[in-house]
Structure formats: C-alpha cells, structure tokens
S.K.: 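The following block contains the structure, expressed as structure tokens.
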Amino acid sequence: DAGVIQSPRHEVTEMGQEVTLRCKPISGHDYLFWYRQTMMRGLELLIYFNNNVPIDDSGMPEDRFSAKMPNASFSTLKIQPSEPRDSAVYFCASKATSGRGTDTQYFGPGTRLTVL
Amino acid sequence: TQLLEQSPQFLSIQEGENLTVYCNSSSVFSSLQWYRQEPGEGPVLLVTVVTGGEVKKLKRLTFQFGDARKDSSLHITAAQPGDTGLYLCAGGTLGSGNTGKLIFGQGTTLQVKP
C-alpha cells in the first residue's frame, strides 16, 4: 500500500515566486496535516483538514501561505510570494480516526524548499 | 501555549552505551508519542503512551509516561549504529478530541558510533 506521497521532493526558487507543494494522503484517511521543519523551530503544524475541511490554520505563518484540499486524495500548500525565510522541509501527514484520540500520523517524505 | 522541551538536543555515543532522552512540559497531555526520523525521510511512529506512569518496551527501547502526564522519557539500552537518527516526542493536546493534533518537541539528534 502506498504511503503519503509528496511532490516535488526538492524545489529551488527565487524570492517572489509562487511555490505550490502537493500531497496525496493515504487512501481512506480522513485527516491531513501540513507541517514545516527547520533547525531553529523544529516541526511546526501549519494547518490540518478533516474530511477536506480546514479545521485549524492557526499555524499558518502569514497570508502568503494558503492550503486547499479539493478532494479526499489531494491537497496543496501554496506560498505566494515566497521569501528566503520560507526555506524549510515541508511535510504532509495523514491519519484515520479510530475514536481513541491516539491515532498514528503517517508522514510523507517531505519537500525540501529553498528560496534564494 | 503548550510546549515540549527535549533534552539533550544532541547526543553522540559509542556503540553499546545506554542513553536516555527526556521530554518535559508544564502542560498535561492526553497522550505522548515518540517518533524517529532518518535523514531525507518523514518521522515514523515508534510508540504511543496514554496512561500516567505507563511503561512500554520495544526491543532495546523503553518508553515511560510521567505520572502527571507532563513528561516522558526514552531509554535505549546497548545502542547500535542503526539507532542513529532524530528522535521526536509529540504530545496529544487535551480537548482535541479525536483530532490527533500534536505538539512536537524540538528533537534529539542521536549519533551512535561503531
């Protein structure tokens, strides 16, 4: 069974350009999470969806960041315009709700973003 | 704001040594998870503890959840080079119900030298 799929794996862009990161969650999972990981700040939750609906976007750093989930098998994280401080590894994770509140989150391999 | 502090941040040891990683907070968590992350990959769940005082063992790894559910520890016995990686603790937030929203610690980078 395929895990969480992210694309691209690496992205290098110039300041001011639009960047779109993509994620395909595990089939059947009803939650999707977007995280950002840096050396300075560790792993931060940006936004998460339940059944394609955004539930909590309090971690989104500013209006330059937006995320969508048009259907159960696809989500995007967009940065427009990008800035050098956005350079990080962005992870997508998904999980299926069991009702116990201790479900496992399955992470994708991440997208390493470098903004020059 | 709920925070999880991990210590130490970096640990370099020889094969065969024992080590303990700590995860502390002033907040109470509904559950505590430990993840391991290798370079170029996403974190992978090792264990989940949910009851205060709970101890779980996974081969040479022992995980403990504090009685007050504010802290946790990971102990590795006779470390091996294959244990090298980034270890992350993550707390499940009270009131999050079934959302599984997690607060992650900064991580402990472990290097085990042959």
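Note that these values count all heavy atoms, side chains included, but never hydrogens, waters or copies made by symmetry. The chains referred to below are lettered A, B, ... by the order of the sequence lines, with proteins before strands, and numbering in each begins at 1.
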S.K.: Kindly compute the distance separating OH (A:Tyr35) from CZ (B:Phe104), expressed to the nearest 0.5 Å.
M.R.: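 A:Tyr35 OH to B:Phe104 CZ: 4.5 Å, rounded to 0.5 Å.
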S.K.: Would you say that more than 12 heavy atoms from the other residues, nucleotides or ligands in this model lie under 6.0 Å from the CZ of B:Arg36, or not?
M.R.: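 More than 12 heavy atoms, drawn from other residues, nucleotides or ligands, come within 6.0 Å of this atom.
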S.K.: Does CD belonging to B:Glu17 count more than 12 external heavy atoms closer than 6.0 Å?
M.R.: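 Atom CD in B:Glu17 is crowded, with more than 12 foreign heavy atoms closer than 6.0 Å.
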S.K.: Please look at A:Arg41 and chain B and tell me whether the side chain, the backbone, both or neither of the residue comes under 4.5 angstrom of a heavy atom of that chain.
M.R.: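 Only the backbone of A:Arg41 comes within 4.5 Å of chain B.
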S.K.: Under the salt bridge (Lys or Arg N to Asp or Glu O under 4.0 Å) rule, collect the residues that match up with A:Glu83, sequence neighbours excluded.
M.R.: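 Salt bridge (Lys or Arg N to Asp or Glu O under 4.0 Å) list for A:Glu83, sorted by chain: A:Arg64, A:Arg85.
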S.K.: Could you state the interatomic distance from CG (A:Leu43) to CD (B:Gln37), rounded to the nearest 0.5 Å?
M.R.: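 A:Leu43 CG to B:Gln37 CD: 7.0 Å, rounded to 0.5 Å.
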S.K.: Distance check, rounded to the nearest 0.5 Å: B:Lys101 atom NZ versus A:Leu45 atom CG?
M.R.: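 Output value for this atom pair is 6.0 Å.
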S.K.: Sort out for me which of A:Ala93, A:Gly110, A:Pro109 touches chain B most, counting heavy-atom pairs under 4.5 Å.
M.R.: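 When all of A:Ala93, A:Gly110, A:Pro109 are compared, A:Pro109 has the most.
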S.K.: Within a reach of under 6.0 Å around CD of B:Gln9, are more than 12 heavy atoms found that belong to other residues, nucleotides or ligands?
M.R.: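 Counting neighbours around CD of B:Gln9, 12 or fewer heavy atoms of other residues, nucleotides or ligands fall under 6.0 Å, so no.
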S.K.: Measure A:Asp30 against the heavy atoms of chain B and call it side chain, backbone, both or neither at under 4.5 Å.
M.R.: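 The answer is neither part of A:Asp30.
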S.K.: Measuring heavy-atom distances to chain B, does A:Gln37 have an atom under 4.5 Å in its side chain, in its backbone, in both, or in neither?
M.R.: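 Contact with chain B involves the side chain of A:Gln37 alone.
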S.K.: Heavy-atom distances under 4.5 Å only: say whether B:Leu86 touches chain A with side chain, backbone, both or neither.
M.R.: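 The answer is the side chain of B:Leu86.
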S.K.: Can you establish whether the number of heavy atoms outside B:Tyr22 located under 6.0 Å from its atom OH is more than 12?
M.R.: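 Not buried by this count: 12 neighbours or fewer within 6.0 Å.
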S.K.: Side-chain heavy atoms nearer than 4.5 Å, only ILVMFWY residues, links allowed to pass through others: does that put B:Phe29 and B:Tyr87 together?
M.R.: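 Shared cluster, yes.
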